[in-house]
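To keep things clear, I will list the structure first and then write my remarks on it.
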2 protein chains.
Amino acid sequence: MDDHNSGRRLKRAELSKVTGCHLETIRYYEKTGMMPDPRRSKTGYRLYDETHVSRLRFILRARDLGFSIEDIRGLLTLIDGQLQTCSEVKQRTESHLADVRTKIDDLKRIEQVLAETAAQCSGKDVPECPVLEALFHV
Amino acid sequence: MDDHNSGRRLKRAELSKVTGCHLETIRYYEKTGMMPDPRRSKTGYRLYDETHVSRLRFILRARDLGFSIEDIRGLLTLIDGQLQTCSEVKQRTESHLADVRTKIDDLKRIEQVLAETAAQCSGKDVPECPVLEALFHV
DNA sequence: GATACAGTCTGTAGCTGCTACAGATTAAAG
DNA sequence: CTTTAATCTGTAGCAGCTACAGACTGTATC
């Protein structure tokens with residue numbers, strides 16, 4: 001209505017809808033500086049544009065890929081300062097990838113132990129249980 | 001000194017040491033009912049015995065195996081009511097195992113995406129980066 | 001016994017990453 | 001014009017701990 005050039009502005013609920021991000025989380029990301037303060041209407045309503053949509057999607061996707069909030073802040077800082085280089089980002093990605101692999105290995109070990117122990121269970125209605133034994137006595 | 005029959009009692013720091021559980025976490029587990037209130041000395045110091053050691057180890061091991069606090073509370077409730085059966089415990093363990101496997105699969109997908117995307121990186125000192133592209137534009 | 005220092009007690013606040021709610025204001029719909 | 005929906009702000013709550021302040025013990029040394 002009042003925007004002469006750029007595309008239309010979104011209100012918070014709309015941004016929430018198009019990104020899938022929880023309504024309150026948007027405000028939280030603004031408060032913590034991950035999202036910039038948006039323009040406001042005369043009456044104080046937040047008005048978002050495409051840059052906000054992209055940035056929020058960036059955050060959510062990074063989150064989906066398991067990047068920590070700290071990592072994401074780091075990437076955003078690079079971008080905001082236009083200091084990002086493929087070299088740097090690749091390095092950070094590979095570091096995160098290493099963390100993910102460690103986590104997978106940890107979980108696989110857990111899987112092993114659980115599967116092995118459960119396999120020893122009779123599964124009967126008796127109080128003795130190899131799982132509980134394992135937890136109590138190493 | 002004042003215990004005529006049972007083994008010696010541990011103070012909180014000692015329980016912490018033998019189990020590896022953080023000092024304050026012990027108090028937290030008591031507050032939340034996962035650990036029973038221990039006996040007290042005349043002057044109010046907590047005095048733990050072997051049953052506390054076992055129970056705390058149980059909690060910590062279950063935690064290490066990725067059981068949620070809720071799951072652990074559930075197991076402890078069974079045990080406390082002497083209602084535990086191998087059948088029931090096996091079932092819960094297998095349910096948790098399924099969760100672990102789901103988690104592993106999720107992480108593997110993440111690993112894939114990260115590895116593939118990072119592989120497209122030139123790794124040079126240029127601002128364009130496939131990782132950032134992927135995060136910004138799907 | 002005096003003194004010093006460590007250990008313990010309690011209640012409460014802090015942390016992360018959100019999510020929810022209360023009370024006021026504004027927008028949209030009928 | 002009235003009702004309902006959306007938004008605003010500040011603040012509180014959640015899990016699962018962890019940390020700290022201020023008071024009280026326990027032990028060691030002199």
Side-chain angles (χ1 to χ4, degrees), chain A residues 1-3 8-35 37-49 52 55-76 96 99 103, chain B residues 1-3 8-35 37-49 52 55-76 96 99 103:
Chain A
M1 297 292 186
D2 67 89
D3 49 343
R8 86 182 218 68
R9 304 270 172 172
L10 305 176
K11 294 211 209 99
R12 190 148 58 104
E14 294 170 311
L15 179 60
S16 168
K17 202 163 196 177
V18 302
T19 59
C21 183
H22 192 287
L23 191 68
E24 295 283 28
T25 303
I26 295 171
R27 199 158 63 104
Y28 172 72
Y29 285 156
E30 286 166 15
K31 196 172 56 185
T32 57
M34 304 186 66
M35 288 290 289
D37 286 345
R39 266 188 53 193
R40 299 288 183 132
S41 74
K42 282 177 188 166
T43 50
Y45 280 33
R46 288 168 177 81
L47 297 175
Y48 301 99
D49 60 28
H52 296 98
R55 193 183 179 96
L56 186 49
R57 282 195 176 133
F58 180 96
I59 294 169
L60 297 174
R61 280 188 202 119
R63 214 80 193 89
D64 283 347
L65 287 177
F67 280 98
S68 71
I69 291 291
E70 207 186 327
D71 288 341
I72 299 173
R73 298 179 82 96
L75 291 173
L76 290 171
H96 172 50
D99 290 348
K103 192 107 206 214
Chain B
M1 293 299 182
D2 69 86
D3 51 342
R8 85 181 218 70
R9 303 272 173 170
L10 305 176
K11 293 212 209 97
R12 191 148 58 103
E14 293 171 309
L15 179 60
S16 168
K17 201 162 197 177
V18 301
T19 58
C21 183
H22 191 286
L23 190 69
E24 294 282 27
T25 303
I26 295 171
R27 201 158 63 104
Y28 172 72
Y29 284 157
E30 285 166 13
K31 195 172 58 184
T32 57
M34 303 186 67
M35 289 289 290
D37 286 346
R39 266 186 54 192
R40 299 288 184 131
S41 74
K42 282 176 187 166
T43 50
Y45 281 31
R46 288 168 177 81
L47 297 175
Y48 300 98
D49 60 29
H52 296 98
R55 192 184 180 95
L56 186 49
R57 282 194 176 136
F58 180 97
I59 294 170
L60 297 174
R61 280 187 202 121
R63 212 83 191 88
D64 282 347
L65 287 176
F67 281 98
S68 72
I69 291 290
E70 208 186 327
D71 288 341
I72 299 173
R73 298 180 83 95
L75 291 174
L76 291 171
H96 172 50
D99 290 347
K103 193 108 207 210

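Computed from heavy atoms alone, side chains included, the values below leave out hydrogens, waters and symmetry copies. Numbered from 1 within each chain, the chains take letters A, B, ... in sequence-line order.
Evaluation of the salt bridge (Lys or Arg N to Asp or Glu O under 4.0 Å) test over residues 14-33 of chain A, restricted to residues two or more places apart or in two chains, returns Arg8(A)-Glu14(A), Arg12(A)-Glu24(A), Glu24(A)-Arg27(A), Glu30(A)-Arg46(A).
Remark: P of dT25(C) and CZ of Arg46(A) are 17 Å apart, rounded to the nearest angstrom. Straight-line distance from the CG atom of Leu23(B) to the P atom of dC20(D): 13 Å, rounded to whole Å. Look at NZ on Lys17(A): it is 11 Å from P on dT7(D), rounded to the nearest Å. At whole-Å resolution of the value, CZ in Arg73(B) and C1' in dC17(D) are 14 Å apart. When the P atom of dC18(C) is taken as reference, atom CD1 of Ile72(A) falls 8 Å away, rounded to whole Å. Taking atom NZ of residue Lys42(B) and atom C1' of nucleotide dC9(C), one finds them 18 Å apart after rounding to whole Å. The interatomic distance linking Glu24(B) (CD) with dC20(D) (P) rounds to 10 Å, in whole Å. Atom CG in Leu10(B) sits roughly 15 Å away from atom C1' in dG7(C) (whole-Å rounding).
Residue Arg12(B) has no polar side-chain atom (N or O) positioned under 4.0 Å from OP1 or OP2 of dG7(C). Checking the phosphate oxygens (OP1, OP2) of dA19(D), a side-chain nitrogen or oxygen of His22(B) falls inside 4.0 Å. Checking the phosphate oxygens (OP1, OP2) of dT16(C), no side-chain nitrogen or oxygen of Tyr28(A) falls inside 4.0 Å. Within the structure, a side-chain polar atom (N or O) of Tyr29(A) is placed less than 4.0 Å from OP1 or OP2 of dC18(C). Arg40(B) has a side-chain polar atom (N or O) that falls below the 4.0 Å cut-off from OP1 or OP2 of dT10(C). A sub-4.0 Å separation between OP1 or OP2 of dG17(C) and a side-chain N or O of Thr32(A) is absent.
Note: Asp49(A) CG to Leu15(A) CG = 10.0 Å, rounded to the nearest 0.5 Å. Leu76(A) CG to Met34(A) CE: the interatomic distance, rounded to the nearest 0.5 Å, is 5.5 Å. Note that CD1 of Ile69(A) is 8.0 Å distant from CZ of Arg73(A), once rounded to the nearest 0.5 Å. Residue Leu47(B) holds its CG atom at 9.5 Å from NE2 of His52(B), rounded to the nearest 0.5 Å. For the atom pair CG of Leu75(B) and CZ of Phe67(B), the computed distance is 6.0 Å after rounding to the nearest 0.5 Å.
A distance-only check finds no donor-acceptor pair linking the side chain of Ser16(B) to the backbone of His22(B) [under 3.5 Å].
If you check residues 63-71 of chain B against DNA chain C, you find no residue with a heavy atom closer than 4.0 Å.
Among the heavy atoms of the strands lying under 4.0 Å from Arg27(B) is at least one base atom, whether or not backbone atoms are also near.
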Show the distances under 3.5 angstrom between N or O atoms of the protein and N or O atoms of nucleotides 26-30 of chain C.
from	atom 1	to	atom 2	distance (Å)
dT26(C)	O3'	Thr43(A)	OG1	3.3
dA27(C)	OP1	Thr43(A)	OG1	2.7

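Closest heavy-atom contact between Leu60(A) and Thr19(A): CD1-O, 3.6 Å. Minimum interatomic distance between Arg57(A) and Val18(A) (heavy atoms only, all atoms of both residues): NH2-O, 3.3 Å.
Under the 3.5 Å distance criterion, with hydrogens and angles disregarded, no donor-acceptor pair is assigned to the side chains of His96(A) and Asp99(A).
Positionally, the nearest nucleotide of DNA chain C for Gly44(B) lies more toward the 5' end than for the other of Lys31(B) and Gly44(B).
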